[in-house]
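The structure appears below as structure tokens.
These numbers come from a predicted model, not from an experiment. FYI, side chains are in, hydrogens and waters are out, and symmetry mates aren't considered; it's all heavy atoms of this structure.
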Amino acid sequence: QVHLVESGGGLVQVGGSLRLSCVASGSLSSINVWGWYRQAPGKQREWVAGINAGGSANYAYSVHGRFTISRDSAKNTIYLQMNSLRPEDTAVYYCKLTRGGVYEHWGQGTQVTVSS
């Protein structure tokens, strides 16, 4: 059983910062791919950032240069540092773990609200 828990969301003013965390527990494979996704009301869930087993990170164009994904493999934890937040960043943010390219695990999500 794999369990993911996101935390760190909240209400922030335009231009502010938040740091999201996602901790995985349970039996994990040694080769994992992590990602952050978000879903705003009335919109499809979209991919935000990802980091692969080799530590290579990539980002959606909309957040590139503002967000940073990182990991602490020893703690089975990933982070999303969000800077220069905009109202359009408002969404529920989810972390995702992919094991072996087959098994997908999702967290419950954490709300991020950016107000102007």
Determine whether [X] and [Y] fall in the same hydrophobic cluster, where Ile, Leu, Val, Met, Phe, Trp and Tyr are linked whenever their side-chain heavy atoms lie under 4.5 Å apart.
X	Y	answer
Trp47	Ile78	no
Ile69	Leu85	yes
Leu18	Tyr37	no
Val48	Tyr59	yes
Val92	Leu11	no

Measure the [atom1]-[atom2] distance between [X] and [Y] for me, rounded to the nearest 0.5 Å.
X	Y	atom1	atom2	answer
Tyr93	Thr90	OH	OG1	7.5 Å
Thr68	Met82	OG1	CE	11.0 Å
His3	Asn76	NE2	CG	14.0 Å
Ser27	Arg99	OG	CZ	6.5 Å
Lys75	Ser25	NZ	OG	15.5 Å
Leu20	Ser7	CG	OG	8.0 Å

Check whether any side-chain heavy atom of Ser17 lies under 4.5 Å from a side-chain heavy atom of Val12, and answer yes or no. no
Minimum side-chain heavy-atom gap Arg38-Glu46 below 4.5 Å: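 Answer yes - side chains close enough.
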Check the pair Trp34 / Leu80 against side-chain contact (heavy atoms from CB on, under 4.5 Å), numbers first and verdict last. CA-CA 11 Å; Trp34 297 85; Leu80 186 67; over 6 Å; no
List the atom pairs, donor and acceptor, that lie under 3.5 Å between side-chain atoms in residues 106-116 and the rest of the protein, sequence neighbours left out.
unit_1: Thr110; atom_1: OG1; unit_2: Gly9; atom_2: N; d: 3.2
unit_1: Gln111; atom_1: NE2; unit_2: Ala91; atom_2: O; d: 3.4
unit_1: Gln111; atom_1: NE2; unit_2: Thr113; atom_2: OG1; d: 3.3
unit_1: Ser115; atom_1: OG; unit_2: Gln13; atom_2: NE2; d: 3.1

Does atom CD of Glu88 have more than 12 heavy-atom neighbours from other groups under 6.0 Å away?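 Result for CD/Glu88: enclosed.
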Should Trp36 and Glu6 be marked as a side-chain contact (heavy atoms from CB on, under 4.5 Å) after you check the CA-CA gap, both sets of side-chain angles, and the distance that decides it? CA-CA 10 Å; Trp36 285 100; Glu6 302 99 333; 3.9 Å; yes
Could you tell me which residues satisfy side-chain contact (heavy atoms from CB on, under 4.5 Å) with Ser73, sequence neighbours excluded, listed by chain and number?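 Applying side-chain contact (heavy atoms from CB on, under 4.5 Å) to Ser73 gives Arg71.
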Looking at Tyr79 and Asp72, would you say the former's side chain and the latter's main chain have a donor-acceptor pair under 3.5 Å? no
Full working for side-chain contact (heavy atoms from CB on, under 4.5 Å) between Tyr103 and Val2: CA-CA 10 Å; Tyr103 302 101; Val2 176; over 6 Å; no
Show the nearest heavy-atom pair for residues Ser84 and Asp89, with the distance to one decimal. O-OD2, 4.4 Å
